[in-house]
Amino acid sequence: MVWAFVFVLLGACAQAEGTNVGLKGRVTQKGLEYGQRFGLELVKSLLQKKQVSDLSGSYAVPLVGDVGYSVSRIRIKDLQLNEPALSFSEGTGVRLVVSNAHILLSGDWRVTVLFIPDSGSFDLNVSNLSLSAELGLGRDDSGRPQVWSASCQSSIGRLDVKFHGGASWLYNLFTEALRRPLEHNINKQLCPEFRKGISDLERVLKTMPVSAKIDPFAEIDYSLVNKPVIARDHGDMDLKGEFFGVGKHRQSPFSPAPFALPEEGAHMLLLGLSELMANSAAFVYFTAGALRKNFTDNMMPKHSPIRLNTGSMRLFFPELKKLYPDMPMELHLSARKQPLLACRPDSLDLALFGAAEAFVILPNASRASVFLLDLDASLAGQLHLDSARIGASVALTSFNMSVAQSRVGPAQVKMLETVLKLVLRLVVLPMANKKLKAGFPLPSVYNLSLVNPQVRIHQGFVLVATDVQHTARAAGAG
Ligand SMILES: *[C@@H]1O[C@H](CO)[C@@H](O)[C@H](O)[C@H]1NC(C)=O
Ligand SMILES: *[C@@H]1O[C@H](CO)[C@@H](O)[C@H](O)[C@H]1NC(C)=O
Ligand SMILES: *[C@@H]1O[C@H](CO)[C@@H](O)[C@H](O)[C@H]1NC(C)=O
Ligand SMILES: *[C@@H]1O[C@H](CO)[C@@H](O)[C@H](O)[C@H]1NC(C)=O
Ligand SMILES: *[C@@H]1O[C@H](CO)[C@@H](O)[C@H](O)[C@H]1NC(C)=O
Ligand SMILES: *[C@@H]1O[C@H](CO)[C@@H](O)[C@H](O)[C@H]1NC(C)=O
């Protein structure tokens, strides 16, 4: 429920060629640069864990003849990647350029020379290794991101090998002869390894969920609606960002207007949350009947001079006390129509359409409906975002009341409206604002936290611009 509320507050409207876009995300060049530093650690730790495929073959050694060799248990002992360059590849995806990398490998060797087997260990020093590869980004039919290897080239500058154990002294004499086939073999494996990594990633993406259940009523669909758009200095993703009733038919009653993220490269990530998101959530909770609340007298402020009983309410419905002398009352509040949120430059406009049915609680505990009010309110809201929480504040901009039905004679409409407005201004909103100001914690996705986040309300959407930091790194850096 808390999340639903946050999404409702954040939510803002969109359409791109017939497909609804509720949520837009952008990674800027700055974001890619951060991802690269963070990704480097990840690549290193992955490579260090990775078992390199065994190699085997034979080569001719002068005087000795054909030597059959196999190398196994190859491990990466050290890896020096000078900042790899990660950049957007316009129209395709992301380009990775690793240049002048050094890798120190070790492993076991086994050879058969003149039918005599021999074995030991070795160190392999690969220097000036370069790899230039392009990762294509797309969208599959189910709305999941898709990746593929769009291109890959690699080269190895120099390779030095040193044998230990067995007749190593002998083989060390022939490392020059060994160098060529090993260089060739290792170079031949680099791009297939890269492609294998990509297809592993593709397999993970294929099973990635594209919707999440928020609570028993609502789930959010965040599937991609368009292919990611890769420009020279940023990558954009259009997501559905729409709420649906749990287990309900995914037919959306909304046809929102398109929106575009502003050009700005000062933050790593931009997130555009459309009105569609908020309004689809409001629609789900409204149709599920979740927007209801009952009020009894003990929920009223202690010092309120007006109580929820027939004695107090006769001020507004003079005949009430005659028909029901001194009896407690109860109010059932509900939404008459779904609430509507609109984003205007620098303000959220929230329109609420409520109904309040008043009951008298009879001595035998049954309830008699006495009158029904229509209550319409519009609120102006602001959002506050810091690295850990999202909060908000609201103010009343307009309030109208009408008596839709009365079983207890005519009402003092103007007076009732004035008093209700006062109660809203002085009691209900301050209470709501206290809660909203405290806000709600942001979820941590992949241990990333927001750094210096900014929130701005634009026509039709809320823009969040932020840097991110991996919390493990933040802790490590103090
Ligand atoms: C690996 O080779 C590079 C360049 O050829 C050299 O600078 C480096 O010291 C070597 N490292 C080891 C551990 O042999
Ligand atoms: C590394 O290899 C590239 C081409 O593969 C070459 O242009 C460059 O000069 C080499 N650098 C060193 C230090 O050997
Ligand atoms: C309000 O009270 C009515 C009657 O007692 C009950 O049927 C209804 O479920 C209550 N609604 C909520 C939201 O508690
Ligand atoms: C409660 O009392 C009212 C009138 O006093 C009567 O109309 C109603 O039927 C009673 N309800 C129950 C459940 O006894
Ligand atoms: C209240 O009524 C006025 C006049 O009819 C209208 O302009 C305003 O939008 C209404 N406010 C709400 C919250 O419905
Ligand atoms: C997040 O950090 C915690 C503790 O540092 C760690 O146990 C967990 O695996 C991390 N999760 C991810 C998704 O990185």
Side-chain angles (χ1 to χ4, degrees), residues 79-85 95-104 124-133 151-160 179-180 182-184 186-191 194 279 282 286 291 309-310 319-330 333-342 344 347-356 358-370 372-381 394-404 407-408 413-425 428-429 432:
L79 185 70
Q80 283 169 34
L81 293 176
N82 307 314
E83 282 292 88
R95 179 179 288 114
L96 169 76
V97 177
V98 175
S99 53
N100 204 13
H102 294 262
I103 306 179
L104 196 61
L124 191 65
N125 185 356
V126 183
S127 45
N128 198 11
L129 178 149
S130 321
L131 180 86
S132 169
S151 69
C152 180
Q153 279 128 31
S154 69
S155 70
I156 288 177
R158 194 185 156 82
L159 186 142
D160 290 298
R179 181 175 291 151
R180 293 302 313 164
L182 274 179
E183 255 175 39
H184 181 71
I186 289 180
N187 192 25
K188 224 172 65 187
Q189 287 213 356
L190 284 170
C191 282
F194 172 74
N279 288 326
F286 173 69
L291 304 180
N309 58 34
T310 53
E319 286 172 32
L320 188 61
K321 200 173 181 208
K322 262 188 267 163
L323 291 165
Y324 302 100
D326 291 320
M327 289 181 201
M329 292 181 71
E330 200 172 274
L333 284 182
S334 61
R336 221 165 69 240
K337 289 192 274 182
Q338 81 150 98
L340 282 177
L341 183 98
R344 311 253 179 262
S347 167
L348 292 176
D349 290 354
L350 184 63
L352 302 173
F353 310 96
F359 295 87
V360 169
I361 303 174
L362 301 177
N364 63 10
S366 70
R367 288 166 178 77
S369 170
V370 283
L372 176 68
L373 307 176
D374 284 352
L375 308 169
D376 293 347
S378 55
L379 304 171
V394 289
L396 188 69
T397 48
S398 144
F399 175 77
N400 294 336
M401 185 218 82
S402 62
V403 178
R407 296 198 175 89
V408 286
V413 177
K414 266 272 85 73
M415 185 158 75
L416 181 55
E417 188 179 53
T418 307
V419 168
L420 282 176
K421 213 187 275 190
L422 267 177
V423 169
L424 266 178
R425 280 233 161 85
V428 179
L429 287 182

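Atoms considered below: every heavy atom in the structure, side chains included; atoms not considered: hydrogens, waters and symmetry mates. The residues of the chain are indexed from 1 along the displayed sequence. Atoms within a ligand are numbered from 1 in the order they appear, just like the ligands themselves.
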Check your understanding: Between L416 and L373, is any pair of side-chain heavy atoms under 4.5 Å apart?
Key -> yes
Point to revise | Contact atoms of ligand 4, heavy-atom distance to S366 under 4.0 Å | key: 1 (C), 11 (N)
Review point. Are the side chain of S154 and the backbone N or O of L190 linked by a donor-acceptor pair below 3.5 Å?
Key: no
Review point. In Å, rounded to the nearest 0.5 Å, how long is the span from CD1 of I361 to OG1 of T310?
Key: 10.5 Å
Review point. With no hydrogens and no angle check, is any side-chain donor or acceptor of R367 less than 3.5 Å from a backbone partner on V360?
Key: no
Check your understanding: Would a 4.0 Å cut-off, counted as strictly less than, catch a protein heavy atom around atom 2 (O) of ligand 4?
Key -> yes
Check your understanding: Below 4.5 Å, heavy atoms only, C-beta onward: do I103 and L129 meet side chain to side chain?
Key -> yes
**Study point:** Interfacing atoms of ligand 5 (cut-off 4.0 Å, heavy-atom, A377)
**Key:** 13 (C)
Exercise for review: Would you mind finding which of L129, I156, N128 brings a heavy atom closest to atom 8 (C) of ligand 2?
Suggested key: N128
Practice item. For atom 4 (C) of ligand 4, grab the closest protein heavy atom and report residue, atom and distance to one decimal in Å. Key: L362 CD1, 4.4 Å
Review point. In the protein, what heavy atom is nearest to atom 5 (O) of ligand 2, and what distance, to one decimal place, separates them?
Key: S155 OG, 3.3 Å
Check your understanding: Which residue supplies the protein heavy atom nearest to atom 10 (C) of ligand 4, what is that atom called, and how far is it?
Key -> N364 ND2, 2.5 Å
Exercise for review: Using only heavy-atom distances, determine whether the side chains of D349 and S347 contain a donor-acceptor pair under 3.5 Å.
Suggested key: yes
Review point. Which protein heavy atom lies closest to atom 12 (C) of ligand 5, and at what distance to 0.1 Å?
Key: N400 ND2, 3.3 Å
**Study point:** Atom indices of ligand 5, in the order listed, that fall short of 4.0 Å to a heavy atom of S378
**Key:** 13 (C)
**Study point:** Atom pair CG (L424) and CZ (F399), whose distance is rounded to the nearest 0.5 Å
**Key:** 5.5 Å
Review point. How close does the nearest protein non-hydrogen atom get to atom 13 (C) of ligand 5, and which residue and atom is it?
Key: S398 OG, 3.3 Å
